[in-house]
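Below is one structure, written out as structure tokens; comments come after it.
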2 protein chains.
Amino acid sequence: MLIGELARQTGCEVETIRYYEREGLLSAPLRSASGYRRYNAEQLGELNFILHCRSLGMSLADIRQLAAFKADSSLACDDINQLIDRQVSKVHQQVESLRLLEQQLLALRDRCHDHHTVAECGILQTLVEASEGEPCVCHTPFGQDPHPHPHSMEKQ
Amino acid sequence: MLIGELARQTGCEVETIRYYEREGLLSAPLRSASGYRRYNAEQLGELNFILHCRSLGMSLADIRQLAAFKADSSLACDDINQLIDRQVSKVHQQVESLRLLEQQLLALRDRCHDHHTVAECGILQTLVEASEGEPCVCHTPFGQDPHPHPHSMEKQ
DNA sequence: CTTGACCTTGTAGCGACTATAGGGTTTGCA
DNA sequence: TGCAAACCCTATAGTCGCTACAAGGTCAAG
Ligand SMILES: [Zn+2]
Ligand SMILES: [Zn+2]
Ligand SMILES: [Zn+2]
Ligand SMILES: [Zn+2]
């Protein structure tokens, strides 16, 4: 199986497959006389493992770790559980902060309904006033402290 | 006001301020004889505007657009509303796909409770079996199609 | 006169790809 | 046999929003 066929079977881009090999996630396949990569069922499984983990939002570093565990099955699995737990809490945090973000954006959006000129746009007005230190609907939902602007998003 | 003082007042890193200037988001300030950047209240506002928009998850490209609108206030504000709408729906989509992700991860986590060896770990077993084409708790919640693995996450 | 805190530019790194450029190979068909 | 299309290869640079150096210049206090 050439790389294009593997790409077709997995839905993964050719360039991404080569990238995974470069990163040491996918084992280097045998090459034909002309240097073409030839894949077998084992590597198809490897790639599907990677893609499955990626679809669960795991980092390549995490996947590398999981693959290492897969290789030495006599180890204790506590680290696997921890890895998943970390992933769950990371995702949970992201959900929470994005939900807040959505509320903030909706509150901001609510400042403009009709279409008029920018000068009268409640959205832009809110943003400009907030940059001058005044409270804003997005970050001060119910008459709270008008003071410092929290950096609500850490990493996205 | 030197760059360090501006950084202190806004909670933004010095390097990030210079980065915003390089990217054309923050107007280039006057320089002292020795080349130090000197900021005034206007640029403090500009930076706060940027930071406020960033805290709403907007991209630098979006912020550039908003700043352009701020500059020409005679335009119609429809584009602003659209920009916010796009941002809302992007965030909403992210929330939805992350919530699904969380459920998938929790289902996977549920496959291993006690600590034992990797060979018996239900999590790793699930991941390996899924890579061989079998259905998995994470992507096949209630006896659905065991067939192709959807790429559930587009961009994170 | 030295120390330390500040400032400058330029460059490289992160993560997970994606996209090119500039080639070589294989296959099918006239 | 000639040629084109479809495939493959490597190497390099770009994406986004920073962050972290390195190597040097400036300034105020002691
Ligand atoms: Zn408006
Ligand atoms: Zn706000
Ligand atoms: Zn386990
Ligand atoms: Zn699954």
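Quick note on labels: first sequence line is chain A, next is B, and so on, each numbered from 1.
Between the side chains of Thr126(B) and Glu129(B), no donor-acceptor pair of N or O atoms lies under 3.5 Å. Inspection of the Ser131(B) and Glu46(A) side chains reveals no N or O donor paired with an N or O acceptor under 3.5 Å.
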Counting primed atoms plus P, OP1 and OP2 as sugar-phosphate and everything else as base, spell out the protein contacts along nucleotides 21-28 of chain C at 4.0 Å heavy-atom distance: B, S or - for each nucleotide, 5' to 3'.
---BBS--
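Per the geometry, CG belonging to Leu30(A) stands 17 Å off P belonging to dC8(D), to the nearest Å. Between Glu23(A) atom CD and dA16(C) atom C1' the separation is 8 Å, expressed in whole Å. Whole-Å rounding puts the Arg18(A) CZ to dA13(D) C1' distance at 16 Å. If you take CZ of Arg22(B) and C1' of dA20(D), they are 12 Å apart, rounded to a whole angstrom. With rounding to whole Å, Leu6(A) atom CG is found 15 Å from dC7(D) atom P. At whole-Å resolution of the value, OH in Tyr39(A) and P in dC7(D) are 16 Å apart. When the P atom of dC14(C) is taken as reference, atom OH of Tyr19(A) falls 10 Å away, rounded to whole Å. Atom CG in Leu2(B) sits about 12 Å away from atom C1' in dA5(C), given to the nearest Å.
Residues Arg64(A) and Arg37(B) both approach DNA chain C. Their nearest nucleotides, taken by heavy-atom distance, put Arg37(B) toward the 5′ side. Residue order along DNA chain C, read from the 5' end via each residue's closest nucleotide, puts Ile3(B) first among Ile3(B) and Glu15(B).
Phosphate contact (OP1/OP2 of dC17(C), side-chain N/O of Tyr20(A), threshold under 4.0 Å): present. Taking only side-chain nitrogens and oxygens, Arg31(A) never comes nearer than 4.0 Å to OP1 or OP2 of dC8(D).
When all heavy atoms of Ile123(A) and Ile80(B) are compared, the pair lying nearest together is CG2-CG2, 3.8 Å.
In this structure, the nucleotide among dT18(C), dT8(C), dC18(D) sitting nearest to the side chain of Thr16(B) is dC18(D).
Across all strands shown, Arg38(A) has no heavy atoms under 4.0 Å from either base or sugar-phosphate atoms.
Interatomic distance, Ile3(B) CD1 to Arg8(B) CZ, rounded to the nearest 0.5 Å: 11.0 Å.
The pair Glu102(A)-Arg99(A) does not count as a salt bridge, with every side-chain nitrogen at least 4.0 angstrom from each carboxylate oxygen. Under the 4.0 Å criterion applied to side-chain N and carboxylate O atoms, Arg18(A) and Glu21(A) are not assigned as salt-bridge partners.
Residue Leu124(A) is grouped with residue Leu106(A) when hydrophobic side chains (ILVMFWY) are merged at heavy-atom distances under 4.5 angstrom, including chains of intermediate members.
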